[in-house]
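Worksheet: one structure, shown below.
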Number of protein chains: 2
Amino acid sequence: MNMKEFSSLVGLSSYTLRYYEKIGLLKNVQRNSSGHRVYTSKDLRWIEFVKRLKDTAMPLEEIQEYARLREAGSSSVLQRQALLEKHKRNLIDHITQQQSHLADLEDKIDLYKKGKVR
Amino acid sequence: MNMKEFSSLVGLSSYTLRYYEKIGLLKNVQRNSSGHRVYTSKDLRWIEFVKRLKDTAMPLEEIQEYARLREAGSSSVLQRQALLEKHKRNLIDHITQQQSHLADLEDKIDLYKKGKVR
DNA sequence: CGTTGACTTAGAGTTAACTCTAACTTGTAT
DNA sequence: ATACAAGTTAGAGTTAACTCTAAGTCAACG
């Protein structure tokens with residue numbers, strides 16, 4: 001799969017994909033005879049995973065750390081699990097806080113609906 | 001209330017508070033005889049509201065827009081309500097997506113727990 | 001065979017949201 | 001009175017995460 005197809009498939013610009021490779025988020029991307037990148041379904045699954053971590057507010061630096069651990073092989077399995085479990089706790093806290101903010105926002109909108117805001 | 005007290009009460013640095021004032025997020029802050037800022041409980045309620053919008057990922061530019069509308073008085077009530085209702089829809093979408101990501105993350109962690117990750 | 005479009009690189013530029021610095025003034029404690 | 005903490009301003013610097021530019025290569029099309 002070439003740059004253009006992969007880019008539109010994952011919804012990231014070619015700039016961003018090259019940037020991710022540059023900072024080590026995406027490794028060992030294959031090249032064809034003319035030096036162009038060739039993406040595989042393995043790259044697709046990895047980028048989708050990276051996107052989910054990013055969308056749940058994990059900094060790229062921490063995703064890099066996960067990538068580095070993965071690169072290190074089986075010996076890092078426990079560290080990777082711990083990293084994801086920490087992220088899960090953060091995510092749960094985040095969702096809880098967003099729900100509380102939503103309730104506050106609904107209260108505020110109710111004041112507008114009742115004409116109590118001037 | 002002086003800068004230091006207000007700063008620690010709202011959890012924003014003095015730098016940030018001055019910055020918010022500079023960009024028009026915080027208006028008409030009172031001054032004492034020596035030119036130092038004096039914050040009121042009205043400022044406190046407003047900043048807490050701003051913080052909630054910010055924590056729910058509303059860009060400062062859009063919060064500025066709300067501030068501007070508020071400044072314009074009663075004639076902008078409907079616009080402000082519409083802005084908050086749009087934000088509410090965004091927030092609900094965000095929470096839904098985060099919950100879905102959480103489920104995916106839990107699945108991934110389960111793979112680790114079952115020793116299915118190498 | 002020449003243009004078009006997609007690709008390559010290194011490195012510069014952008015954006016949002018702060019965060020800090022320099023130079024200075026003012027209020028409080030010893 | 002003098003040190004020290006806290007405040008002031010304008011404007012410069014930082015950070016994360018892109019985003020773009022310049023200069024070039026390469027394959028396919030008419």
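The analysis underlying the following values was restricted to heavy atoms, covering all of them including side chains, and did not include hydrogens, waters or symmetry mates. Protein chains get the first letters and strands the later ones, always in sequence-line order, with residue 1 at the start of each.
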* Asked: Would you say C:dT9 has OP1 or OP2 under 4.0 Å from some side-chain N or O of A:R31?
  -> yes
* Have a look at B:K22 and say if it touches a base, only the backbone sugar-phosphate, or nothing, with a 4.0 Å heavy-atom cut-off. => base
* Distance (rounded to the nearest 0.5 Å) between A:L91 CG and A:T96 OG1 -> 9.0 Å
* Specify the separation, in whole Å, of atom CG of B:N2 and atom C1' of D:dA5. => 12 Å
* Structure fact -> To the nearest angstrom, the CE-P distance between A:M3 and D:dT19 comes to 13 Å
* To do: Figure out the CZ/C1' separation between B:R37 and D:dT9, and round it to whole Å.
  => 9 Å
* Would you call B:K27-B:E21 a salt bridge at under 4.0 Å N-O? -> no
* **Listed nucleotide nearest any side-chain atom of A:K54, set D:dC18, C:dC18, C:dT8** => D:dC18
* To do: Return yes when atom CG of A:L78 has more than 12 non-hydrogen atoms of other residues, nucleotides or ligands closer than 6.0 Å, and no otherwise.
  => no
* Closest to the B:Y15 side chain, choosing from C:dT26, C:dC20, D:dA16 -> C:dC20
* Asked: Could you state the NZ-P distance from A:K51 to D:dC18, rounded to the nearest angstrom?
  -> 11 Å
* Check whether any side-chain N or O of A:Y20 sits under 4.0 Å from OP1 or OP2 of D:dC18, and answer yes or no. => yes
* Structure fact -> Separation of D:dA6 atom C1' from B:F6 atom CZ, nearest Å, is 17 Å
* Near-ring test A:H94/B:H94, centroid separation under 6.0 angstrom -> yes
* Asked: For the side chain of A:K4, counting heavy atoms from C-beta on, which of D:dA16, C:dA6, C:dC18 is nearest?
  -> C:dA6
* Asked: OP1, OP2 of D:dC18 versus side-chain N and O of A:T16: anything below 4.0 Å?
  -> no
* Side chain of B:S34 - closest among C:dG27, D:dT9, D:dA17 -> C:dG27
* Which listed nucleotide (D:dT8, D:dC26, D:dA17) is nearest to the side chain of A:L60? -> D:dA17
* To do: Return the value, rounded to whole Å, for the distance between atom CD1 of A:I23 and atom P of C:dA10.
  => 15 Å
* To do: Among the candidates D:dT8, D:dA17, D:dG7, find the nucleotide nearest to the side-chain atoms of A:P59.
  => D:dA17
* Structure fact -> In B:K88, B:R89, B:R52, the residue satisfying salt bridge (charged side-chain N to carboxylate O under 4.0 Å, His left out) with A:E106 is B:K88
